[in-house]
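Notes follow once the structure below has been shown.
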Protein chains: 2
Amino acid sequence: MFEVLFQNVKDKISLTSDEEELAKTLFIPKKLKKKQYLLQQDDVCKYLTIVEKGVLRSYTVDDAGTEHILQLALEGHWVTDMYSFLSQEPAIYNIDAVEDSELLLITNRSLDELYEKIPKFERFFRLLGQKNILSLQRRLTGSLSFTAEDKYLQLTKNFPDLLNRVPQHMIASYLGITRETLSRIKKNLLKDH
Amino acid sequence: MFEVLFQNVKDKISLTSDEEELAKTLFIPKKLKKKQYLLQQDDVCKYLTIVEKGVLRSYTVDDAGTEHILQLALEGHWVTDMYSFLSQEPAIYNIDAVEDSELLLITNRSLDELYEKIPKFERFFRLLGQKNILSLQRRLTGSLSFTAEDKYLQLTKNFPDLLNRVPQHMIASYLGITRETLSRIKKNLLKDH
DNA sequence: AAATACCGGTGACATAAATCAATGATTAAC
DNA sequence: GTTAATCATTGATTTATGTCACCGGTATTT
């Protein structure tokens, strides 16, 4: 159950086995069936979550009922409504499972305990945040300057896994385009082979 | 010179005066005239920078020569090409001054020294990163789901300062729209008063 | 195994925003 | 103080992408 978490952690900091045992006690395992919610808009987000197995998505729903996907989180990715998690105000994002998934959750309180008892985790989450910022910046720059086709090509290049595990209409939503446009882009790319 | 930096730091962690003195030695003051570059694409980004006075922008230039602004950094904001700064690979962003500016720079090496000698800075930059992620997420969600007009309205609401200090065409670029479109949006908003 | 929901593809049409081009207005440079 | 950049505005036109409607295929449910 904890393999993905500790692999993730050991990429950035080293832990003694005592520290690892302590950390384990602070995370809550949870399973989610496909389509089940981890968080619904307007609820308070109580957990920071790492995906051990499966896929989660975080997304907003606009006035027209259209979903806009902020994040597609595969194994080893962290997901939360960060604003709600930190402030305990109502969430603006929904989070649910794209596949049956296994998760590890940590509350804000437990996270504080983790920082206090194993200060190395300050560094871990600093480095994790850095990586996160990099990927958000790349995505935003792409969103500002790329055509729909280029955004799709960038995705196929950087995250080919996503294409197999996530339905097309979610890929489209993640790219900020409609399912129809994505369908036509794929057709075009085949034609130009 | 260091007022903005230490105000920024003390919002998140507390420092003794010894620590403050040590930190001061690790930053390099620099002034930049309007339009001067701090970093050019394809150079290696040597510094993480905080703006003490003035405004910087980071941006990419596409094949057509159009600029796309990732960040507009007012006093107290941190700016760098994070990928280049961390990896010492060539930068993809340009950074230059929108107004005459006063900056404090820190190298990767000095930053490591800072973490080593004052571990509290791990926490500081973790918290800074969190804030950064929040704002990138908000901007990306807006970019995925808002019309040009709504993106502009969100900006006027959240960062009214920017409108006075930065020319319209840069605001447009920051929003991912053309200057012409922004000009028409403003006209429309006035009309509907 | 029939019924139902989900998913991707496609045509016809609509529209937001980009592009191209020209004109003042303001600011900076000489 | 004249010249030259820089900046914002506006009209005409084009284009990428969205919207709406429908279809067939494949899972999923009962």
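Only this structure's heavy atoms are used, side chains among them; waters, hydrogens and symmetry mates stay out.
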- Item | Minimum-distance nucleotide (side-chain atoms of Q168(B) versus dG11(C), dA8(D), dA18(C)) | dA8(D)
- Message: Which nucleotide wins on minimum distance to the side chain of A148(B), given the candidates dA18(C), dT9(D), dA17(C)?
- Response: dA17(C)
- If you find the nucleotide of DNA chain D closest to I177(A) and the one closest to S183(B), which residue's nucleotide is nearer the 5' end? S183(B)
- Whichever of M170(B) and T181(B) has its nearest DNA chain D nucleotide further upstream toward 5': M170(B)
- Item | 5'-most by nearest nucleotide on DNA chain C - K34(B) or T147(B) | T147(B)
- Between the base of dG18(D) and the side chain of R179(A), is there any donor-acceptor pair under 3.5 Å? no
- Does any donor-acceptor pair link the side chain of R184(A) with the base of dG8(C) at a separation under 3.5 Å? no
Value in whole Å for how far the [atom2] atom of [N] lies from [atom1] of [X]:
| X | N | atom1 | atom2 | answer |
| --- | --- | --- | --- | --- |
| E149(A) | dA16(D) | CD | P | 11 Å |
| E180(B) | dC7(D) | CD | P | 14 Å |
| K151(A) | dA16(D) | NZ | P | 14 Å |
| E99(A) | dA27(D) | CD | P | 15 Å |
| L182(A) | dC7(C) | CG | P | 14 Å |

- Query: Below 4.0 angstrom, N of the basic side chain to O of the carboxylate: do D96(B) and K35(B) qualify?
  - Reply: no
- Task: Take the angle between the ring planes of F121(A) and F124(A) and call it parallel below 30°, perpendicular above 60°, tilted in between.
- Result: perpendicular
